[in-house]
Amino acid sequence: MMKHIQLILILSFGLFYAQNKQFIYEYRSVPDSTDRNTIITEFMVLDINNAKKSEFYGLERFKSDSTLLVDSKKGVFSMPPNKEMISDRVIKFPNSNTINHIKIFDDKYFVNQEVKLNWKLLNDFKTIMNYKAQKATTEFGGRKWTAWFTTNIPFQDGPYKFFGLPGLILEIEDSTNSHHFTLKGVKDSSEEFIYPNLNNYKEIKVNYPQFVKVFKTYRINPAASLIGRIPDYTDSEGNHINGQQKVKEIEKIRLEKLKKDNNILEIDLLKK
């Protein structure tokens with residue numbers, strides 16, 4: 001009898017892994033620690049390709065990039081929608097602590113990072129989307145996190161850079177209630193997932209220490225990489241625009257924006 005049960009479990013796990021799965025999460029964040037009432041909400045997707053790899057990305061940015069790619073193939077030049085969208089992507093691989101974090105500033109950075117999470121499993125349970133979920137805690141990015149995972153979905157994965165529990169992470173939140181991921185839907189996909197590549201950024205591969213330097217430099221001078229890239233030009237109204245002055249204007253706007261982006265998920269990146 002036990003052998004039959006084990007066989008059924010093995011077959012069910014195999015069938016689950018044989019499929020491409022999409023897990024849709026709601027991500028709620030408080031970007032400005034001085035304004036706790038402003039909460040940003042965006043839907044994120046964890047796409048698992050036959051257990052070969054997983055890719056986590058923002059749904060709005062994915063839709064925008066997909067549309068722009070279709071238009072470009074038709075010879076049509078389109079602009080992305082004028083709204084804030086999460087452009088970060090995280091690629092993880094089974095049985096590996098090495099992840100790829102894709103971060104866009106004025107260039108696209110491919111960050112090779114080693115992530116090791118020390119999980120503490122607790123004897124607390126609750127139900128999330130009809131799944132029995134168990135509580136676990138860890139520390140990452142300068143924050144303390146509480147996660148709820150289920151062994152009923154046999155992927156040791158989760159949103160963003162979180163993974164390593166004996167089942168899928170359904171919900172995870174930091175201790176300050178600033179960042180909260182919650183599973184909202186599950187979809188099967190018959191096709192292997194490929195993120196649309198627009199080839200519109202210079203691509204730079206870096207390790208994590210190199211990325212930290214780039215990140216800190218950007219926070220101090222967010223327009224540094226634009227110096228020399230913007231020539232003098234004439235706008236649509238016939239006004240002459242000085243390229244260097246335009247860079248200074250962009251820098252001022254970005255610095256104001258960064259002041260209100262002081263509560264990022266990996267808060268330790270803001271430490272001097």
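- The shortest side-chain heavy-atom distance between Trp148 and Ile169 does not fall under the 4.5 Å cut-off.
- A donor-acceptor contact closer than 3.5 angstrom is absent between the side chains of Asn20 and Asp47.
- Grouping the Ile, Leu, Val, Met, Phe, Trp and Tyr side chains by contacts below 4.5 angstrom, directly or via other members, places Ile230 with Ile227.
- Ion pair Glu55/Lys92 not flagged as a salt bridge, since none of the NZ, NE, NH1 or NH2 atoms sits closer than 4.0 Å to an Asp/Glu carboxylate oxygen.
- The number of heavy-atom neighbours closer than 6.0 Å to NZ of Lys216, taken from other residues, nucleotides and ligands shown, is above 12.
- In this structure, the ring of Phe140 has its center no less than 6.0 angstrom from the ring center of Trp145.
- Taking the side chain as every heavy atom from C-beta outward, His180 and Ser29 never approach each other to under 4.5 Å.
- Shown here for Leu170 and Ala133, the closest heavy-atom pair between the two residues is CD1-CB, 4.2 Å.
- Both tests hold for Lys132 against Phe125: distance to the six-membered ring centre under 6.0 Å, angle to the ring axis within 45°.
- Ion pair Asp261/Arg254 not flagged as a salt bridge, since none of the NZ, NE, NH1 or NH2 atoms sits closer than 4.0 Å to an Asp/Glu carboxylate oxygen.
- Under the 4.5 Å side-chain heavy-atom criterion for grouping Ile, Leu, Val, Met, Phe, Trp and Tyr, Ile99 is connected to Phe162 within one hydrophobic cluster.
- Ring orientation note: the planes of Phe193 and Phe62 are tilted relative to one another, at an angle of 30° to 60°.
- Distance check, rounded to the nearest 0.5 Å: CG of Leu168 to CZ of Phe149 gives 11.0 Å.
- For the atom pair Ile128 CD1 and Gln134 CD, the distance stands at 12.0 Å (nearest 0.5 Å).
- Tracing side-chain contacts under 4.5 Å through hydrophobic residues (I, L, V, M, F, W, Y), one reaches Ile250 starting from Ile241; they form part of the same cluster.
- Each of Tyr109, Phe211, Phe105 was scored for a ring pair (Phe, Tyr, Trp, His ring centres under 6.0 Å) with Tyr218, with one residue passing: Phe105.
- Side-chain N or O atoms of Asp106 include none that pairs as donor or acceptor with a backbone N or O of Ser225 at under 3.5 Å.
- In this structure, a donor-acceptor pair under 3.5 Å is present between the side chains of Glu266 and Tyr160.
- Expressed to the nearest 0.5 Å, how far CD1 of Ile204 lies from CZ of Phe110 amounts to 10.5 Å.
- Applying the salt bridge (charged side-chain N to carboxylate O under 4.0 Å, His left out) test between Asp88 and each of Arg61, Lys103, Lys161 identifies Lys103 as the sole match.
- In this structure, the side chains of Lys144 and Glu173 stay at 4.5 Å or more apart for every pair of heavy atoms.
- Residue Glu249 places its CD atom among more than 12 non-hydrogen atoms of other residues, nucleotides or ligands, all under 6.0 Å distant.
- With salt bridges taken as basic N to acidic carboxylate O contacts below 4.0 Å, one links Asp188 and Lys21.
- Asp107 and Arg229 are joined by a salt bridge, as a carboxylate oxygen and a charged side-chain nitrogen come within less than 4.0 angstrom of each other.
- The residues Lys259 and Glu256 are annotated as salt-bridged, a charged nitrogen and a carboxylate oxygen being separated by less than 4.0 angstrom.
- For the pair Lys184 and Thr182, the minimum side-chain heavy-atom distance is below 4.5 Å.
- In this structure, Gln210 contributes its side chain and Asn207 its backbone to a donor-acceptor pair below 3.5 Å.
- Considering only heavy atoms from C-beta on, Leu255 comes within 4.5 Å of Pro222 through its side chain.
- With hydrogens and angles ignored, the 3.5 Å screen pairs a side-chain donor or acceptor of Thr150 with a backbone N or O of Asn152.
- Between Arg143 and Thr176, the side chains place a donor N or O and an acceptor N or O closer than 3.5 Å (distance only, hydrogens not considered).
- Remark: Asp235 CG is packed, more than 12 non-hydrogen atoms of other residues, nucleotides or ligands lying under 6.0 Å away.
- Ile48 is listed as a side-chain neighbour of Phe23, based on a closest heavy-atom distance under 4.5 Å.
- Although no hydrogens or angles enter the test, the distance criterion places a donor-acceptor pair under 3.5 Å between the side chain of His179 and the main chain of Asn263.
- Counting heavy atoms from C-beta outward, Arg36 and Ser178 have side chains that approach closer than 4.5 Å.
- At distances below 3.5 Å, at least one donor-acceptor pair connects side-chain atoms of Asn262 with backbone N or O atoms of Ser33.
- Without hydrogens or angle criteria, Ser72 side chain to Leu69 main chain gives a donor-acceptor distance under 3.5 Å.
- A continuous path of ILVMFWY side-chain contacts below 4.5 Å connects Val186 to Phe155, so both sit in one hydrophobic cluster.
- The backbone N or O of Lys52 lies less than 3.5 Å from no partner atom in the side chain of Asn49, so there is not a single donor-acceptor pair.
- In this structure, Asp65 CG and Leu198 CG are separated by 4.5 Å, a value rounded to the nearest 0.5 Å.
- For the atom pair CZ of Phe215 and CG of Leu270, the computed distance is 5.5 Å after rounding to the nearest 0.5 Å.
- Ion pairing between Glu26 and Arg28 holds under the 4.0 Å rule for side-chain N and carboxylate O.
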Check residues 114-122 and write down every donor-acceptor pair under 3.5 Å in which the side-chain atom is one partner and the other belongs to a residue at least two apart or another chain.
unit_1, atom_1, unit_2, atom_2, d
Glu114, OE1, Thr98, OG1, 2.7
Trp119, NE1, Phe163, O, 2.8

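- The NZ atom of Lys63 sits 9.5 Å away from the CZ atom of Phe43 when rounded to the nearest 0.5 Å.
- Cation-pi geometry between Arg89 and Tyr195 is satisfied (NZ or CZ under 6.0 Å from the ring centre, within 45° of the ring normal).
- Side-chain contact between Asn112 and Tyr208: absent, with no pair of heavy atoms (C-beta onward) separated by less than 4.5 Å.
- Leu183 and Leu265 fall within the same hydrophobic cluster, where Ile, Leu, Val, Met, Phe, Trp and Tyr residues are linked whenever their side-chain heavy atoms come under 4.5 Å apart, directly or through other members.
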